[in-house]
Amino acid sequence: MGNQQRLLGKNENQDPISATQGFLFDVDGTLVLGDSDSNGYRMLPGADSVIAELRRRALPFACLTNGSGDTPREYADKLRAAGLDVTEKEMWTPASIAARYLKARGASRVLVLGMPGVWMPLKEAGIEVLLPDDPPAEVDSVLVGWHPEVRFRHIELACEAVWRGAKLYVTSGAILFATHRGRGIGVSGALVAMISKVTGKRAAIMGKPAQLAMRTVVASMGLTPGNVIVVGDDPNLEIAMARVAGSHAVAVLTGLADRSSLDALPPERRPHLILGNVGELLTSGLFPASRA
Ligand SMILES: [Mg+2]
């Protein structure tokens, strides 16, 4: 652990091990690597052992991807196919966070730029979804997600809705993500950049590193951020989100970041601990004793 745990944070006077009651994992570059079009996953070393050990000790965990190409159910299925024992309830996407948030805000009709993984969670939450090729109708919100089939007309429709007063939301503002071939382009971040540029309106981010995402997922485990260890590969997503929330932040080197880029971060944005891969959690000393 060493001096990296001496860095600041809201819960710095708390011993991270005794405070830990659960884990929040990033997916791509942390537990698995996927194709850039997200068909199929390859498990990263030790990920299955970590999940199995959490089960054995009855410690809660959640997985939070910034991907919205699939529903939480489909992501959980893919993770299980890759050898990871993850259930639908433990799997979160920005779209499932958006569904909960938009429902609570009373959104009634939402224009969605995205695949079924983006709009299905909204529909399941009872929100009316308008897709770009549907007959036109007024919307109170626009949600931009994983939408590789975009056409220019879709961008126009989103801009026109925002000009008429619809609120703008995006699943992920990230421009890049880790794949087994290297960098993949984040479709939703690229699309919303166009819409924001045209309309002058910034989008509210539903996924990482938004604190909304952190609060929603941590609450689903019945925990608070100070009791959760966040594990991820992206300094701008999981690590940033964890540091702001006051969680213990663990970076892994199996995705976007290398050790020198993490070391170069300003102290308040650095992870508390850097591991070669997620499997090293088992010998990191960060696992608390069994619950119960
Ligand atoms: Mg990642």
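Each ligand, and each atom within it, is numbered from 1 in the order the structure gives. Quick note: residue numbers are just sequence positions, from 1.
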Any N/O/S atom of Glu238 sitting less than 2.8 Å from the Mg ion (ligand 1), backbone or side chain?
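So Glu238 does not bind the Mg ion (ligand 1) by this criterion.
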Closer than 2.8 Å to the Mg ion (ligand 1), do we get an N, O or S atom from Asp234, backbone or side chain?
no
Classify the side-chain pair Asp258/Ser261 by whether it contains a donor and acceptor separated by less than 3.5 Å.
yes
Between the side chains of Asp140 and Ser108, is a donor N or O closer than 3.5 angstrom to an acceptor N or O?
yes
Which atom name would you report as the N, O or S atom of [X] nearest the Mg ion (ligand 1)?
X	value
Asp26	OD2
Asp233	OD1
Asp28	O

Salt bridge (charged side-chain N to carboxylate O under 4.0 Å, His left out) against Asp234, all qualifying residues, sequence neighbours excluded:
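Partners of Asp234 under the salt bridge (charged side-chain N to carboxylate O under 4.0 Å, His left out) test: none.
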From the options Val142, Val144, Leu102, select the one residue that forms a side-chain contact (heavy atoms from CB on, under 4.5 Å) with Tyr169.
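Exactly one candidate clears the test, Leu102.
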Looking at residues at least two apart in the chain, or sitting in another chain, which of them share a side chain to side chain contact (heavy atoms under 4.5 Å, CB included) with Pro266?
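Side chain to side chain contact (heavy atoms under 4.5 Å, CB included) list for Pro266, sorted by chain: Glu268, Arg269.
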